[in-house]
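Just below is one structure, and these are the notes that go with it.
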Amino acid sequence: MNKVIEQIGKLGVVPVVAIEDAADAPRLGQALMAGGLPCAEITFRTAAAESAIRAMATEYPDMLVGAGTVLTVNQAERALSAGAKFIVTPGFDAAVVDWCLSHELPITPGVMTPTEINLALNKGLKLLKFFPAEAAGGIKTLKAIGGPYVGVSFIPTGGIGVHNLADYLRLPMVHACGGSWLVKKQLIAEGEFKQIEKLTAAAVKLVQEIRGENHD
Ligand code: 3PG
């Protein structure tokens, strides 16, 4: 397994970030690390994404800074040159997948149906983003998908928070969960980095509790 993918699995949670001002990126990175999650998926939903990736990756080179909501090859190229260590896409886009594979850049494309999973499997990808998790049927759907797709793991994202994180993490096919609940846009904009650190630490604690259950 790729090292970045492996580390994400160990962390258990991928904070999904939409940041308006790249100047906030280093402080956000600091808060996430202080909370115990040296990882961020910075989404191309805002114009600041590329510079925020660069700012966070430069300040904290050991952090797993990735790019999310990547819709085009151009965005993937910009993300990589800004220092992104992984790419996340909301849907399956063959051109973006091929580009990432040819640059040895880990990519987790979004899938929601068996047909999309087949497309990803045909590219040799076995770790996929299940998106939008809750709207697509959540845990019930993931369990059903786990039947035919043995060996495929997922990062469910969309509608996940402290209320359901544990239930997802207990599923054997779940590698980690993604979500914006601990890095809400408003918290970043208002400089609530202590609160982000607290929410992050709470998520990390939950992951540790769940993972601890498996070793009893
Ligand atoms: C994403 O971009 O992956 C999702 O919008 C994150 O979903 P959430 O905001 O429901 O956590």
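From a predicted model like this one, the values you see are computed outputs, not experimental measurements. In each ligand, atom 1 is the first atom listed, and ligand 1 is the first ligand listed.
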How about Thr113 and Glu116: does a side-chain donor come under 3.5 Å of a side-chain acceptor?
yes
Backbone of Asn118 reached by a side-chain donor or acceptor of Asn122 within 3.5 Å
yes
For a 4.5 angstrom cut-off between non-hydrogen side-chain atoms, does Trp99 reach Ile87?
no
Carboxylate-amine/guanidinium contact Lys3 Glu6, below 4.0 Å:
no
Grab the two heavy atoms, one from Ile188 and one from Phe193, that are nearest each other, plus how far apart they are.
O-CZ, 4.0 Å
Check: His175 side chain, Ile155 main-chain N or O, donor-acceptor pair, under 3.5 Å:
no
List ligand 1's nitrogen or oxygen atoms that come under 3.5 Å of a protein nitrogen or oxygen, with the partner atom and distance.
from	atom 1	to	atom 2	distance (Å)
ligand 1	2 (O)	Arg45	NH2	2.6
ligand 1	3 (O)	Lys129	NZ	2.6
ligand 1	5 (O)	Arg45	NH2	3.0
ligand 1	9 (O)	Ser180	OG	2.6
ligand 1	10 (O)	Gly159	N	2.7
ligand 1	11 (O)	Ser180	N	2.9
ligand 1	11 (O)	Ser180	OG	3.3

